[in-house]
Amino acid sequence: MTGAPPIVEMKDISISFPGVKALDEVDFRLFPGEVHTLMGENGAGKSTLIKALTGVYKIDSGEILVDGEERRFGGTADAQAAGIATVYQEVNLCSNLSIGENVMLGHEVRGPFGINWKATHRAAAEVLSTLGLDHLDLRRPLSTLSLAVQQLVAISRAMITKPKVLILDEPTSSLDANEVANLFTVIRRLRGQGVAILFVTHFLDQVYMISDRITVLRNGAFVGEYPTRELDRTTLISKMIGKDFATLRSLGSERQSHHYEPRGEPLLRAEDLGRKGSTEPTDLELHQGEVLGLAGLLGSGRTELARLLYGADRPDSGTVWLRGKKTDIHNPTSALGHRIAFSSENRRDEGIIRDLTVRENLVLAVQAKRGWFRPLTRKEQDALTRKYLTELNVRPADPERPIKFLSGGNQQKVLLGRWLATEPDLLILDEPTRGIDVGAKAEIQAAVAALAAKGVAVVFISSELEEVVRLSDRIIVMKDHRKLAELENGPHVTAETIVAVIADEGDDEEGDTE
Amino acid sequence: MTVTTRPPTGSAPGPASSRPSLSDRLGARLSALPTVAALLIFVGMIIYGEAAYGRIVQFNTLSNLLVNNSHLIILAVGLTFVILTGGIDLSVGAVIAFSSVAGVMLSNAGWHPVAAVLVMVLIGSALGLVSGVLIQYFGVQPFIATLATMFLARGLASMLSTVPERLADDSAIRDLAAQLKIVDGDKVNDLVITPGVIAAIVIVVVGFTVLHRTRFGRTVYAIGGSEQSATLMGLPVTATKLGIYVISGTLAGIAAVVYTSRLGSAQNITGIGWELDAIAAVVIGGTLLTGGTGFVLGSVVGALVLGLMNVLITRDGGIRPEMTTIITGGILLVFVILQRVLAARRRGEQA
């Protein structure tokens, strides 16, 4: 790595969008055979920088050198031709086509009679096997694969063009630990082959596991470039946030010390609640002022259980008692009527409405609860919006800005505000902190703790076990769509405890022992 | 080492399992199921027709089915391309009207028949290009863009003439409908073929080849699956989408030639509603209106199902011809519901 000239050099890159300067004279270098992590809070300009490098955005000023040559990218195809391949956070493949075809689309092997499918599939199998995916049946539709494997297929596809630069934009945000390990094996292999890898992630652990160098951005500006081993976590975080670590600490929740002893009648009690194919019959109890964590791997049935509680899916077994009364929560509207709110894990598709303003997004649920024939006055809307923008520290605190211009963390805060505005007794949060930066994460955690202190019962779902442990009073561990165990939280419980519970329960049907 | 941690519930397959289960194999072929169903229904209709009315499985009935529906088959091939990308083309019926009226008038004005036919086809291409440009460069929804083209073409046809324009008896264009006997049966029971039918067959074969063996064709499917993904994969999305509307328009021009040569006249009200017949054929043939899934051969079967239905209704005599559209609608509904069920099954497999 030392001595070799950089394969990519971006100098003084600036990009503006209406009203925002997304990148302000940012520098970036990438060397062959290194894993380089781009770090920064949401809205720091990471995505914009990547999109400039992949030809999605045109740069306003500055220059991009690839292999020492200046390039102007008119589109993604130009960047690909220059040897830059990208794998995006959301898997951008075509689920209607076969696995093999997704790898080869646009690069099919052609003969005198058009595409030679045999040779095409052979080429696909070859590249898939270099990533350890020999077992896949190329002719099956992509949609039959789990998201994690699709992500690996997307990387295989990127490798088809034998790129010199591979950009991985948050490839791990929907993978579990095992899958991440797998992905890293692949990344190390590619690095060994001399590919320059640009890696974007929110997980600090992963940064230190895989990357050689780190470039930090903040508010669209270049903060610095550091070798990973010379930058400890605390320094890295304070560089990202622009505050020192002590300030950061005080943002964190004080939940750890707090522990709630449930008393009296539970707010919600479910017996044998289940639905064929999604959740095995499950019992659970939830008290006022309590945070119940749902822990488990992705796909363990956490979301499915939450959806049953909210009535988004109809249970086909079991009974629910709400405030001691047998209740049938058969759809989201009735759930809202019973003061149960649910914030979906899928922020982009089931959460925000991109083109509406912050205010309009925030008042949606309150309005739905009141009924559309009794519209909130503008005054009420403004009051609500002001209240939650301040309370949750949404930045920028501009109620009339379309929500799509906010960073992911701030969008999430607005969503939280949307549900808080309905004044729920039970709030279900499905992955409220996924894909958002450390600062916003801490703020959301603090908000959850504050809610519980006010007597709201919270169901908290997160893939980050540390977070579940820190926030919850009780933890339900799920696996294979059923409740595995229920833990009283306390000093003895750590993320490792939960991992042990999941791991202990036999690898009987998966065979994924390493 | 497996990379999935998703438990193998129900039909969800574990990639590590070496022998694919039945549902696995079905899963891979599930997208062809509506097309197979259409084929089965077509065969069923033939068997029923033969049993109930007789004289269905014989040369002249089947020849006529092809001859009378060759223009519809050609239109359906064009719409298959469009619908596979998730688009729609409402203009093809009106394009036929404009193209055929223009062609007949040019021919009668003394143009060389080859030139007249060429103009007819190019009118289709040009109007297709207009739709494509509206959609691709002005961001107009395909529905609205092709609706505009439809009004434009219909209007142009009416400006040329509002009365039936008869093709001169000695025009060479009529030769395109000349019946070539392949098998000379007893009495009128001959297997015949016309240049129009040959054109339709060639177009189907070419259409199939383009869709399945060229990068252009695969891009069509990719766009239908996810246009955003296709763009990010670096596929030529813009050129492809322009291309498919030009193809659809061009094929409408060719359909105009085939239809006009057979009828021997053209009028500005020709082809009203044919775009909908063609869309129905495509859908019955198993192509999803949302794009990404479907086959040209399915659309051919769909067109033949519609054609055969008309034959059966005529033969029955007891069914009022006015009911034809109700029956068409019924068949369409059955197929759409079938597709919904299959789509739901496929989603279930993913979950």
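- In summary, Arg218(B) and Glu108(A) do not engage in a salt bridge, as defined by a charged side-chain N under 4.0 Å from a carboxylate O.
- Heavy atoms only, all atoms of each residue included: Gly234(B) and Ala77(A) are closest at O-CB, 4.2 Å.
- Contact of Leu97(A) with chain B is made through the side chain alone, with heavy-atom distances under 4.5 Å.
- Heavy-atom contacts from other residues, nucleotides or ligands closer than 6.0 Å to NZ of Lys58(A) number 12 or fewer.
- Of the listed residues (Leu235(B), Thr209(B), Thr219(B)), the greatest number of heavy-atom pairs within a distance under 4.5 Å of chain A belongs to Leu235(B).
- Heavy-atom pairs under 4.5 Å with chain B peak, among Asn92(A), Val56(A), Thr54(A), at Asn92(A).
- Contacts of Ser226(B) with chain A are made by both backbone and side-chain atoms, with heavy-atom separations under 4.5 Å.
- By a heavy-atom distance cut of under 4.5 Å, Arg110(A), Phe113(A), Gly114(A), Ile115(A), Asn116(A), Trp117(A) are the residues of residues 110-119 of chain A near chain B, going up by number.
- Within the 4.5 angstrom heavy-atom criterion, atoms from both the backbone and the side chain of Leu232(B) approach chain A.
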